[in-house]
Amino acid sequence: MATRTLAFQVSEELLQRIKTFLARYEQIYHRKLSQKEFLVHLIERELDEAEKDYERITTEQAAEENADVDSGEPDGTEMEVDAQY
């Protein structure tokens, strides 16, 4: 798979928090975790969660739309027509 570069700036405070976390990680797990590994993991985890949320929301919306159609009740998008011209 081809790779691309993703670059962005962060505050000094955030960078120090990341470095502190990575140092603690190495102390606890006796394994060095690079900034890249850490950030890629966080991004992938958040994307996975966002995709699950998106699937859940679209499934719920489709179910609501089907329920409106099945019940014969207007969903608020139809225009009432007056039969008396």
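Note that the coordinates shown come from a computational prediction; the quantities given were computed from them, not determined experimentally. Just so you know, these numbers use all the heavy atoms, side chains as well, and skip hydrogens, waters and symmetry mates. FYI, the numbering just counts along the sequence from 1.
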For Thr3, enumerate each residue passing the side-chain contact (heavy atoms from CB on, under 4.5 Å) test, keeping only those at least two apart in sequence or located in another chain. none
List the residues meeting side-chain contact (heavy atoms from CB on, under 4.5 Å) with Ile43, not counting sequence neighbours, and say none if there are none. Leu6, Leu47
For Lys36, what residues pass the side-chain contact (heavy atoms from CB on, under 4.5 Å) criterion, not counting sequence neighbours? Ser34, Val40
What I'd like to find out is whether the side chain of Tyr25 reaches to under 4.5 Å of the side chain of Lys32, using heavy atoms alone. no
Just grab all the side-chain hydrogen bond (donor to acceptor under 3.5 Å, both in side chains) pairs involving residues 40-56, residues at least two apart or on different chains. Arg56-Glu60
Going by side-chain contact (heavy atoms from CB on, under 4.5 Å), name the residues that satisfy it together with Gln35, two or more places apart in sequence or in a different chain. Leu15, Ile18, Lys19, Leu22
Could you list the residues that satisfy side chain to side chain donor-acceptor pair (under 3.5 Å) with Gln16, not counting sequence neighbours? Glu12
